[in-house]
Amino acid sequence: MEFPWWDKKNVSLFDQILFLPPVLSNPVPIAFNQELYIEFCSGNGLWVVQKALDNPGNLWVAVEKKLERAKKIWNRAKRLGAQNLLVVCGSAENMVTAILPSPLVKEVFINFPDPWPKFRHAKHRLIQDSFVRALQNKMVSGGKITFVTDDISYLEQGLVVLKKTMKPLLPEPFYSKDPENYGSSFFEEMWRKKNKTIYYTAYANY
Ligand SMILES: C[S@@+](CC[C@H](N)C(=O)[O-])C[C@H]1O[C@@H](n2cnc3c(N)ncnc32)[C@H](O)[C@@H]1O
């Protein structure tokens with residue numbers, strides 16, 4: 001399968017891949033015809049392609065800003081026959097603010113987003129008040145966000161941000177270290193091999 005060509009200036013939808021230019025001035029909501037299960041920051045797509053294969057009745061979306069990684073997700077989905085997966089090559093922020101119609105998002109997964117570990121860089125983290133509020137506007141009532149990280153400082157920031165407007169689904173301390181059957185990703189496997197602790201947290205939109 002030939003990976004589609006893209007002019008980098010316009011929003012373009014090809015065979016199972018949506019390209020978003022970095023600068024998107026106008027909202028261009030896409031009319032999806034069923035609820036969405038979205039993974040932001042998908043990397044090479046190991047986790048999300050498997051979820052799409054395991055749950056063929058759901059429409060899955062993998063959002064990854066790096067072209068080379070989006071290509072890998074698309075190739076994997078094509079090779080394994082995951083026809084219910086749309087790959088979005090673009091930023092999570094653009095996807096949420098300009099592309100997603102509301103309220104259509106049933107579940108969101110953010111697995112190992114870039115941790116930006118230095119304090120002065122923490123402002124670049126994806127899980128911020130503005131992002132979560134914009135996302136909630138696109139979620140169905142009872143929709144769920146799952147956030148997974150190995151970075152304790154990002155976990156703490158995530159718990160603070162998410163609890164402002166959402167309901168925790170796990171008892172105090174509001175995270176778990178070993179959920180059952182969550183699935184595995186490239187970073188999850190890498191950190192497990194290095195015996196790093198991994199934190200999972202989940203919140204609901206009510
Ligand atoms: C640490 S990797 C984790 C990849 C994958 N989730 C995993 O667990 O293996 C983070 C990924 O998020 C992507 N990313 C970072 N910021 C993003 C954003 N704002 N929107 C979309 N993707 C983003 C990066 O390009 C990278 O592929």
Side-chain angles (χ1 to χ4, degrees), residues 1-45 48-49 51-52 58-75 77-78 82-111 113-114 116 121-147 157-158 161-162 164-166 203-206:
M1 266 279 182
E2 189 71 12
F3 189 71
W5 175 85
W6 169 47
D7 74 6
K8 295 198 165 73
K9 289 197 189 96
N10 298 303
V11 175
S12 328
L13 178 62
F14 297 95
D15 172 19
Q16 280 186 255
I17 186 155
L18 174 68
F19 292 99
L20 305 183
V23 179
L24 247 181
S25 37
N26 298 320
V28 276
I30 298 209
F32 293 98
N33 59 5
Q34 69 182 96
E35 289 180 337
L36 304 175
Y37 291 73
I38 304 182
E39 184 193 29
F40 292 110
C41 305
S42 297
N44 67 11
V48 73
V49 172
K51 286 290 167 192
N58 297 340
L59 178 54
W60 288 82
V61 181
V63 183
E64 168 55 51
K65 72 177 180 186
K66 289 195 178 146
L67 179 62
E68 280 314 305
R69 293 184 184 172
K71 216 181 225 185
K72 282 191 178 157
I73 308 171
W74 187 84
N75 279 324
K78 287 284 172 196
Q83 291 174 2
N84 55 329
L85 177 73
L86 173 70
V87 180
V88 175
C89 179
S91 78
E93 294 87 340
N94 275 347
M95 180 65 184
V96 169
T97 54
I99 303 293
L100 286 178
S102 58
L104 214 61
V105 180
K106 176 86 172 167
E107 282 205 46
V108 167
F109 302 88
I110 308 178
N111 298 321
D114 290 339
W116 295 102
H121 291 154
K123 59 178 180 282
H124 299 302
R125 288 173 177 165
L126 180 61
I127 301 180
Q128 311 267 354
D129 287 350
S130 55
F131 179 74
V132 171
R133 292 223 169 89
L135 183 53
Q136 268 187 280
N137 284 334
K138 308 294 171 86
M139 293 181 77
V140 301
S141 174
K144 189 174 148 191
I145 297 183
T146 300
F147 165 43
Q157 175 171 325
V161 169
L162 292 165
K164 282 185 191 164
T165 53
M166 301 187 83
Y203 281 75
N205 179 38
Y206 283 111

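If you read the sequence from its start, that first residue is 1, and numbering goes on from there.
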Which atom of [X] lies closest to which atom of [Y], heavy atoms considered:
{"X": "Leu85", "Y": "Ala52", "value": "CB-CB, 4.1 Å"}
{"X": "Ser141", "Y": "Tyr206", "value": "OG-CD2, 4.3 Å"}
{"X": "Ile73", "Y": "Ala62", "value": "CG2-CB, 4.0 Å"}
{"X": "Met139", "Y": "Lys106", "value": "CE-O, 4.4 Å"}

Check the angle between the aromatic planes of Trp116 and His124 and answer parallel, tilted or perpendicular using the 30° and 60° thresholds.
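Trp116 vs His124 ring planes: tilted.
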Checking Lys144 against Asn205 for the side chain to side chain contact (heavy atoms under 4.5 Å, CB included) test, could you report, in this order, the C-alpha distance in whole Å, the side-chain angles of both residues, the deciding distance, and whether it holds?
CA-CA 6 Å; Lys144 189 174 148 191; Asn205 179 38; over 6 Å; no
Main chain of [Y], side chain of [X]: is a donor-acceptor contact present, judged purely on distance under 3.5 Å?
{"X": "Gln16", "Y": "Ala82", "answer": "yes"}
{"X": "Glu64", "Y": "Lys66", "answer": "yes"}
{"X": "Glu107", "Y": "Gly143", "answer": "no"}
{"X": "Trp74", "Y": "Leu86", "answer": "no"}

Within the 4.5 Å heavy-atom criterion, are Leu67 and Phe3 side-chain neighbours or not?
yes
Gap between atom [atom2] of [Y] and atom [atom1] of [X] - 0.5 Å precision:
{"X": "Leu18", "Y": "Ser12", "atom1": "CG", "atom2": "OG", "result": "8.0 Å"}
{"X": "Asn58", "Y": "Tyr37", "atom1": "CG", "atom2": "OH", "result": "4.0 Å"}
{"X": "Leu36", "Y": "Leu59", "atom1": "CG", "atom2": "CG", "result": "5.5 Å"}
{"X": "Ile110", "Y": "Arg125", "atom1": "CD1", "atom2": "CZ", "result": "13.0 Å"}
{"X": "Phe147", "Y": "Cys41", "atom1": "CZ", "atom2": "SG", "result": "10.0 Å"}

Can you confirm whether Lys72 is buried at NZ, in the sense that more than 12 heavy atoms of other residues, nucleotides or ligands lie under 6.0 Å from that atom?
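No.
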I'd like to know whether CD of Gln83 has more than 12 heavy-atom contacts from other residues, nucleotides or ligands below 6.0 angstrom.
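Incorrect, the count does not exceed 12.
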Taking side chain to side chain contact (heavy atoms under 4.5 Å, CB included) as the test, write out the residues that go with Asp129, two or more places apart.
Arg133, Val161, Lys164
Atom pairs and distances, side-chain donor-acceptor, residues 87-97, under 3.5 Å, sequence neighbours left out:
{"unit_1": "Ser91", "atom_1": "OG", "unit_2": "Asn94", "atom_2": "N", "d": "3.0"}
{"unit_1": "Asn94", "atom_1": "ND2", "unit_2": "Pro21", "atom_2": "O", "d": "3.3"}
{"unit_1": "Asn94", "atom_1": "ND2", "unit_2": "Pro22", "atom_2": "O", "d": "3.1"}
{"unit_1": "Thr97", "atom_1": "OG1", "unit_2": "Glu93", "atom_2": "O", "d": "2.8"}

Derivation of the side chain to side chain contact (heavy atoms under 4.5 Å, CB included) call for Val140 and Val105:
CA-CA 6 Å; Val140 301; Val105 180; over 6 Å; no
Could you tell me whether Phe131 and Phe40 have their ring centroids closer than 6.0 angstrom?
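Phe131 vs Phe40: aromatic centres under 6.0 Å.
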Among Ile145, Val132, Leu135, which one satisfies side chain to side chain contact (heavy atoms under 4.5 Å, CB included) with Ile127?
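When Ile145, Val132, Leu135 are each tested with Ile127, the side chain to side chain contact (heavy atoms under 4.5 Å, CB included) holds only for Val132.
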Tell me, with the steps shown, if Tyr203 and Thr146 meet side chain to side chain contact (heavy atoms under 4.5 Å, CB included).
CA-CA 7 Å; Tyr203 281 75; Thr146 300; over 6 Å; no
Pair Val61, Glu39 - check side chain to side chain contact (heavy atoms under 4.5 Å, CB included), show working.
CA-CA 6 Å; Val61 181; Glu39 184 193 29; over 6 Å; no
